[in-house]
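This report refers to the structure that appears directly beneath it.
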Amino acid sequence: MKKVVVRLVCAVVLLVGDKSGIESSFAAKIACEQGIAFYDNKEYDKAAELFKKACDGGEMLGCNNLGAMYQKGDGVEKNVKKAMDLYKKACYGGNMLGCSNLGFMYDNGNGVEKNEQKAAELYKKACYGGNMQGCYNLGLIYANGEGVEKDFSKAAELFKKACDGGEMNACRSLGIINRLMAK
């Protein structure tokens, strides 16, 4: 299997002709995967180093994960401004988890002035980009009328999408909002 993967990567490199771009992208993805393993083992220093390498190499999940470490202070000094910058880089680089996390920062005024409309925009981007946490959070915003007009039907639609996508909190919220709408 390893030989097949190596051959496939080599074939792609030959077809594209830009070895350095593919190799660095592949190295960034590997660094991110390794960072996740180190993070799961609570080896935060090594995880942070690998996430930084991944982020610098263009792997936006690495930027998001490093941002989460700075937000929580896991293995790095807690720095919400740095977390925001990394979430922005991840989000605008196409990582929808980064958009959801950035939305959460705006939603809660964590490291930035609370801005529910900005949070809603970011959750929407995350949701329609395939991130179910973003759908769930956007549903909460519609259910509570925070930064948007309160809309239980829209909230139920978003909760259902997130629930169908495996977000268990959304399933619970869908049940609650359906009972509220039935009254």
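Small disclaimer: the values here were computed from a predicted structure and weren't measured.
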Close side-chain approach of [X] and [Y], heavy atoms under 4.5 Å:
X	Y	value
Phe51	Leu61	no
Phe104	Gln133	no
Met69	Asn65	no
Met105	Val80	yes
Tyr123	Leu158	no
Lys72	Tyr44	no
Asp107	Glu146	yes

Closest non-hydrogen atom pair, [X] against [Y]:
X	Y	value
Ala170	Ala162	CB-CB, 3.4 Å
Gly62	Cys32	N-SG, 3.6 Å
Glu149	Tyr142	O-CD2, 3.7 Å
Gly35	Ala47	O-CB, 3.5 Å
Ala126	Gly134	CB-CA, 4.1 Å
Met60	Asn95	CB-CB, 3.7 Å

Nearest 0.5 Å, what's the [atom1]-[atom2] distance between [X] and [Y]?
X	Y	atom1	atom2	answer
Lys161	Glu167	NZ	CD	13.5 Å
Lys82	Tyr70	NZ	OH	4.5 Å
Leu66	Cys55	CG	SG	6.5 Å
Leu138	Cys127	CG	SG	6.0 Å
Leu122	Lys124	CG	NZ	12.0 Å
Asn64	Asn101	CG	CG	5.0 Å

*In this structure, are over 12 heavy atoms from other groups packed under 6.0 Å from Lys78 atom NZ?*
no
*Any chance OH of Tyr39 has more than 12 other-residue heavy atoms, nucleotides or ligands included, within less than 6.0 Å?*
yes
*asked:* In this structure, would Tyr136 and Phe152 fall into the same cluster of hydrophobic residues linked by side-chain contacts under 4.5 Å?
replied: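 Hydrophobic grouping puts Tyr136 with Phe152.
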*According to a 4.5 Å side-chain heavy-atom criterion applied to Ile, Leu, Val, Met, Phe, Trp and Tyr, with indirect links allowed, do Ile177 and Leu140 form part of one hydrophobic cluster?*
yes
*Is any NZ, NE, NH1 or NH2 atom of the basic residue among Glu49 and Lys52 found under 4.0 Å from an Asp or Glu carboxylate oxygen of the other?*
no
*Under a 4.0 Å N-O cut-off, is there an ion pair linking Lys81 with Asp85?*
yes
*Decide yes or no on side chain to side chain donor-acceptor pair (under 3.5 Å) for Tyr106 and Glu121, but give the supporting numbers first.*
CA-CA 10 Å; Tyr106 279 103; Glu121 291 170 18; over 6 Å; no
_Does Cys135 form a side-chain contact (heavy atoms from CB on, under 4.5 Å) with Met132? I'd like the steps, not just the answer._
CA-CA 5 Å; Cys135 296; Met132 295 304 108; 4.0 Å; yes
_Evaluation steps, side-chain contact (heavy atoms from CB on, under 4.5 Å), between Tyr92 and Lys125_ = CA-CA 10 Å; Tyr92 296 114; Lys125 179 177 177 143; 3.9 Å; yes
